[in-house]
Amino acid sequence: QQNRDRPFALLLSHKSVHADFVPDEPDRGRFAGAPVALPDGAHPWTHLTNAQYTHLGFAPLAESIRRQVEALASLDREIGRVLDFLDANGLARDTFVVYASDNGYLWGEHGQTDKRWAWEESIRIPLLIRHPASVPVPGSAVDRIVANIDIAPTLLDLAGVATPEHMQGRSLLPLLADPRAEHRDALLYSYFFEPPYPTPTLRALVTERYKYVESAGHAPQLFDLALDPREQDDLAGGAAASVERALAARLAELEATH
């Protein structure tokens, strides 16, 4: 309201969808008793097994899922208020809106809960962008390897400012204009052990097709994401040895340069 006649930026962060999950009052109990289909391989007490970090408490897993979805419903409503304000004040067409998160979440997939691990459910985040001037086809999807480190260079690009050399991200504006535009072909993911969380230090390389993972105390893992998107079939140490060697070398290369 105060800056609508000149350039402005707003960072709006919501913590309520983080465990312990705190929905707004109208949504508390909204999904109480609603049926919850747990992921394949999960059970009501997955979060209390395999020496996991027991931040979800001692209620059945489905109860935590209901509480998180209630918090998400509250989040949706509050984001809707922001978008409605932009529409009502004639700002929507000239305002670049980015919706993202800091991590995904495991709800019993692979026998684990929480985040930090290199599984797809953990490292993938939502990334939605609304800006009529940059998105020629509303509702379109860009199926490329992008990362949260790309957001800052994108905003700088919008402002006509060059990305500093120390930033490793890349502007997403070329991809929004042309999904086939040149961008990264691989992503480095790394995590460093931090007590009391049981996830070990690990690093992973994600390409358009494969994921290769190295973690302390565990054998390397290799997954074909095109044929096995849920990462059920570990190909490491088998017939895909040449692919494994190439990905291990690329992982070492990215670590050395990042």
Side-chain angles (χ1 to χ4, degrees), residues 1-32 34 36 65-105 107 115 120-164 167 169-184 187:
Q1 290 176 334
Q2 296 173 351
N3 297 287
R4 70 179 72 183
D5 296 326
R6 57 192 177 95
F8 64 87
L10 170 67
L11 176 63
L12 181 60
S13 299
H14 288 266
K15 189 72 171 177
S16 60
V17 292
H18 190 281
D20 290 326
F21 312 120
V22 183
D24 193 12
E25 191 61 40
D27 299 305
R28 294 189 182 188
R30 177 175 174 180
F31 299 114
V36 175
I65 293 175
R66 292 188 191 98
R67 195 165 63 247
Q68 191 212 35
V69 174
E70 289 172 356
L72 286 170
S74 301
L75 178 65
D76 284 349
R77 181 173 58 254
E78 296 308 307
I79 292 174
R81 290 178 61 200
V82 174
L83 299 180
D84 289 345
F85 178 88
L86 295 176
D87 291 337
N89 288 272
L91 296 169
R93 185 160 192 83
D94 297 322
T95 304
F96 194 88
V97 181
V98 180
Y99 172 90
S101 180
D102 56 344
N103 57 265
Y105 207 85
W107 284 109
K115 46 193 176 184
E120 289 289 275
E121 295 86 355
S122 176
I123 68 174
R124 282 184 174 268
I125 65 170
L127 181 56
L128 304 174
I129 292 175
R130 189 180 88 158
H131 189 223
S134 301
V135 185
V137 183
S140 58
V142 178
D143 187 15
R144 300 290 297 278
I145 298 176
V146 301
N148 53 6
I149 57 174
D150 295 332
I151 296 175
T154 303
L155 300 179
L156 291 174
D157 195 4
L158 277 169
V161 179
T163 301
M167 283 190 174
R170 304 182 183 185
S171 172
L172 298 174
L173 294 189
L175 283 181
L176 296 181
D178 179 6
R180 297 166 297 181
E182 190 275 333
H183 202 66
R184 70 170 59 84
L187 175 72

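Annotation: side chain of Thr163 is not in contact with side chain of Asp157 (no heavy-atom distance under 4.5 Å). Thr95 places none of its side-chain heavy atoms less than 4.5 Å from the side chain of Arg130. A heavy-atom distance below 4.5 Å is found between the side chains of Pro164 and Leu156. A 4.5 Å side-chain heavy-atom check between Leu158 and Ser134 finds at least one atom pair inside the cut-off. In this structure, Leu176 and Leu173 have side chains that are in contact, with non-hydrogen atoms separated by less than 4.5 Å. Within the 4.5 Å cutoff, side-chain heavy atoms of Lys115 are placed close to those of Ser122. Within the 4.5 Å cutoff, no side-chain heavy atoms of Leu127 are placed close to those of Asp150. The shortest side-chain heavy-atom distance between Glu121 and Trp107 does not fall under the 4.5 Å cut-off.
Using a 30° and 60° split on the angle between ring planes, Tyr105 and Phe21 fall in the perpendicular class, above 60°.
Salt-bridge formation is not detected for the pair Glu70/Arg67: no Lys NZ or Arg NE/NH1/NH2 atom is positioned less than 4.0 Å from an Asp or Glu carboxylate oxygen.
Residues Arg184 and Val146 come closest through the heavy atom pair NH1-CA, 3.5 Å.
Counting heavy-atom neighbours within 6.0 Å of Arg4 CZ, excluding the residue itself, gives a total above 12.
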